[in-house]
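Order of the sequence lines sets the chain letters (A, B, ...), proteins ahead of strands, with each chain counted from 1. In this text the structure is predicted, and so the values were computed from the model without any measurement. Side-chain atoms are counted along with the backbone in the values below, which use heavy atoms only and exclude waters and symmetry mates.
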2 protein chains.
Amino acid sequence: MNKKSATIYDISNKLNVSVATVSRALNDHPRISEATKELVRKTAKEMNYKQNNLAKALKSGETKNVGIIVPYINTNFFSSVIRGIEEELSPLGYHVIICQSHEDVNIEKRQLNTLLNAQVDGIFMSVSKTTTDISHIQSIIDTSNTPVIFFDRKKDISGISTVTIDDYRGGYMATEHLIKEGYKNICHFAGDLNLEIYQNRLNGYKQALADHHLPVKEDNVIFTGSSIEEGTEAIKKLWSKKSVPDAIFSSSDFAALGACQELKKRNIKIPQEVAIIGFSNEPFTQFMELPISSVDQTPVLMGKMSGQVFLESVKENGSGVSIEKKVVLTPQLYIRKSSKRK
Amino acid sequence: MNKKSATIYDISNKLNVSVATVSRALNDHPRISEATKELVRKTAKEMNYKQNNLAKALKSGETKNVGIIVPYINTNFFSSVIRGIEEELSPLGYHVIICQSHEDVNIEKRQLNTLLNAQVDGIFMSVSKTTTDISHIQSIIDTSNTPVIFFDRKKDISGISTVTIDDYRGGYMATEHLIKEGYKNICHFAGDLNLEIYQNRLNGYKQALADHHLPVKEDNVIFTGSSIEEGTEAIKKLWSKKSVPDAIFSSSDFAALGACQELKKRNIKIPQEVAIIGFSNEPFTQFMELPISSVDQTPVLMGKMSGQVFLESVKENGSGVSIEKKVVLTPQLYIRKSSKRK
DNA sequence: TTGTAAGCGTTATCAT
DNA sequence: ATGATAACGCTTACAA
């Protein structure tokens, strides 16, 4: 059995018509008689003909593939964004290629090149924590027509569209919620300020305090990563001081979880003595015996919007113009037991 | 600025050498002088030459893309398997294309065709719950050389390699653990028996009971899906009967969680009155205030092994032979508070 | 060591 | 309505 699939030449030979006719018939070209169309389609099916997309792509320049670069794929947030992109683009015949940067700017750089090399029609990315120099991304804009779309973790590069949530507002909402519940000495677990998202959450936190005439103490801002351990460490550090906070707004759900665990160990009651609210609305936050309040980033929607922005820029590319889009989604506050005193 | 990227013809023109020489120089062909190689490489860089992989793929028949079909991407298990595959294959220049079947055999069928159409070098898949008829998969084997690898949720098709965990053993281990902790009336939340994995877990459960001379009661097997709600429903059903179980082995962590919540509502103490153990070792199981025991499926390893099996079959394809591989991984028991009475 | 030219499977531009 | 042929960008057997 020969597993090499049939080409339009094979059909052309069998039917004694030219390849051009076969190609046109298969593409439902208007100036081909219905009779030959029918005949070609029939024999194509008989011969188990499969169109070679590679050849088509080589001609058209479109691969119908898009690339996505994320730090890691197996977190709820990123896999949900990917799901959104896939669901938006798949019905239009696009395929989604996934790459992980492992939070390493050098890998990110390599993945970017390899995607470009794979001739993708567009690239979606969330930059790594170690991405400070952005020349590798800038150069894509300068040297290729491949549209790049940042989602969530963006950098300011002219010509690149972005889809983000309003992290400032998320920080503001979370903090204001704590204030309204009567907490007065609210501290913040801040993330890596190299990323705008963490800067914005921090700024939202500060502004909410200021707007409600509460002092903004630099001592109340603890820099932590996104791990459980760093959450417990932060509590140890805070509780070694003279004055302890009565609420925590953490920019990471995992750090919030670590804080919960450490507070429990110290027999400190949540939310009576200390309130906690996290960020990302990771699935586990709602499953806990003491469910943790959190700010949802609507990741699937973020993916879908990113897909739409890409489609628009593909359309524009044809018409010569290219407009930079900035989509900002509204975060959703999920208030649970960990921050409800009233 | 012209963003159309340079080809080997452009280099060939500029240097007054043939395209063949350029191609060979770029591919480090042994019979090209070091001088010209150097020259070609230099000007290639200057002209910002990027190899067109499409053209290369059209010639070679290899796209260096592989496809993955999973029910959903945004669960810990599947995204972790994907991560494993990506990490194994990415260093060899492969790209990973993701598709979701949404547990629908018709979508699965379409995705399969579209991947084949995209000329992927291999396909990894975990079949959907609704996949009973497998002719669409069988036909790939018959009509193409594209290797297919099943992971986790497999079907018995000759010629297809599989990477799974020993679900039978997983079920046996979990049940035996409960028995050794002194539980005697153990029930099982079984999944959709259309999938082998759930059949095997059920069989492992039954055998463990039999081996320890405990009665296997059909009443103690409740069929549930993988949701929290179905877990709570199962408890309601069980506790409406005259005799209630003192332990639950759930084939799903989510159903186990639902059970925990419902038992707690009824003031039934875990693990004193009832023990619970789940399956999959979802992240949330360890974060809970009452951590749930579970059986880990080593998903990242499963992905890596799948990648290796694929690489082997690519190698074999060249040599004409094709050996069907069956990799079976050992599940890991994670014993936590929810099932420790002693 | 380097050049010529065919071929991978399509689509599109001319003709007819 | 259909055919001949060039082109997409690359690799490679055959020549020189």
Net bend of the helix from dT1(C)-dA16(D) to dT16(C)-dA1(D), end axes of five pairs each, nearest 10 degrees: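 Between the first-five-pair axis and the last-five-pair axis there is 40°.
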Partners passing salt bridge (Lys or Arg N to Asp or Glu O under 4.0 Å) against Lys154(B) (at least two apart in sequence or in another chain):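 Salt bridge (Lys or Arg N to Asp or Glu O under 4.0 Å) check on Lys154(B) returns Asp156(B), Glu196(B).
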All salt bridge (Lys or Arg N to Asp or Glu O under 4.0 Å) counterparts of Asp133(A), not counting sequence neighbours: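 With sequence neighbours excluded, Asp133(A) shows a salt bridge (Lys or Arg N to Asp or Glu O under 4.0 Å) to no residue whatsoever.
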For [X], check ring pair (Phe, Tyr, Trp, His ring centres under 6.0 Å) against everything at least two apart and list the hits.
{"X": "Tyr9(A)", "value": "none"}
{"X": "Phe124(A)", "value": "Phe310(A)"}
{"X": "His102(B)", "value": "Tyr72(B)"}

Residues from [range] sitting under 4.0 Å of DNA chain D, heavy atoms only?
{"range": "residues 38-49 of chain B", "result": "Tyr49(B)"}
{"range": "residues 50-67 of chain A", "result": "Leu58(A), Lys59(A)"}
{"range": "residues 10-27 of chain A", "result": "Asn16(A), Val17(A), Ser18(A), Ala20(A), Thr21(A), Arg24(A)"}
{"range": "residues 28-37 of chain A", "result": "Arg31(A), Ile32(A), Ser33(A), Thr36(A)"}

Are the side chain of [X] and the backbone N or O of [Y] linked by a donor-acceptor pair below 3.5 Å?
{"X": "Ser80(B)", "Y": "Asn76(B)", "result": "yes"}
{"X": "Asn194(A)", "Y": "Lys129(A)", "result": "yes"}
{"X": "Asn27(A)", "Y": "His29(A)", "result": "no"}
{"X": "Ser12(A)", "Y": "Val17(A)", "result": "yes"}

Residue pairs involving residues 46-60 of chain A (criterion salt bridge (charged side-chain N to carboxylate O under 4.0 Å, His left out); sequence neighbours excluded):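 Applying salt bridge (charged side-chain N to carboxylate O under 4.0 Å, His left out) to every pair that reaches into residues 46-60 of chain A, excluding sequence neighbours, yields Lys42(A)-Glu46(A).
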All pairs passing salt bridge (charged side-chain N to carboxylate O under 4.0 Å, His left out) where residues 100-125 of chain B contributes a residue, at least two apart: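 Residue pairs with at least one partner in residues 100-125 of chain B: Glu103(B)-Arg153(B).
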Report yes if some heavy atom in the side chain of [X] is under 4.5 Å from a heavy atom in the side chain of [Y]; otherwise report no.
{"X": "Met125(A)", "Y": "Ile68(A)", "answer": "no"}
{"X": "Gln119(B)", "Y": "Asn52(A)", "answer": "yes"}
{"X": "Thr132(B)", "Y": "Val105(B)", "answer": "no"}

Nearest-0.5 Å distance that lies between atom CG in Leu89(A) and atom NZ in Lys304(A):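 So the gap between those two atoms works out to 10.5 Å.
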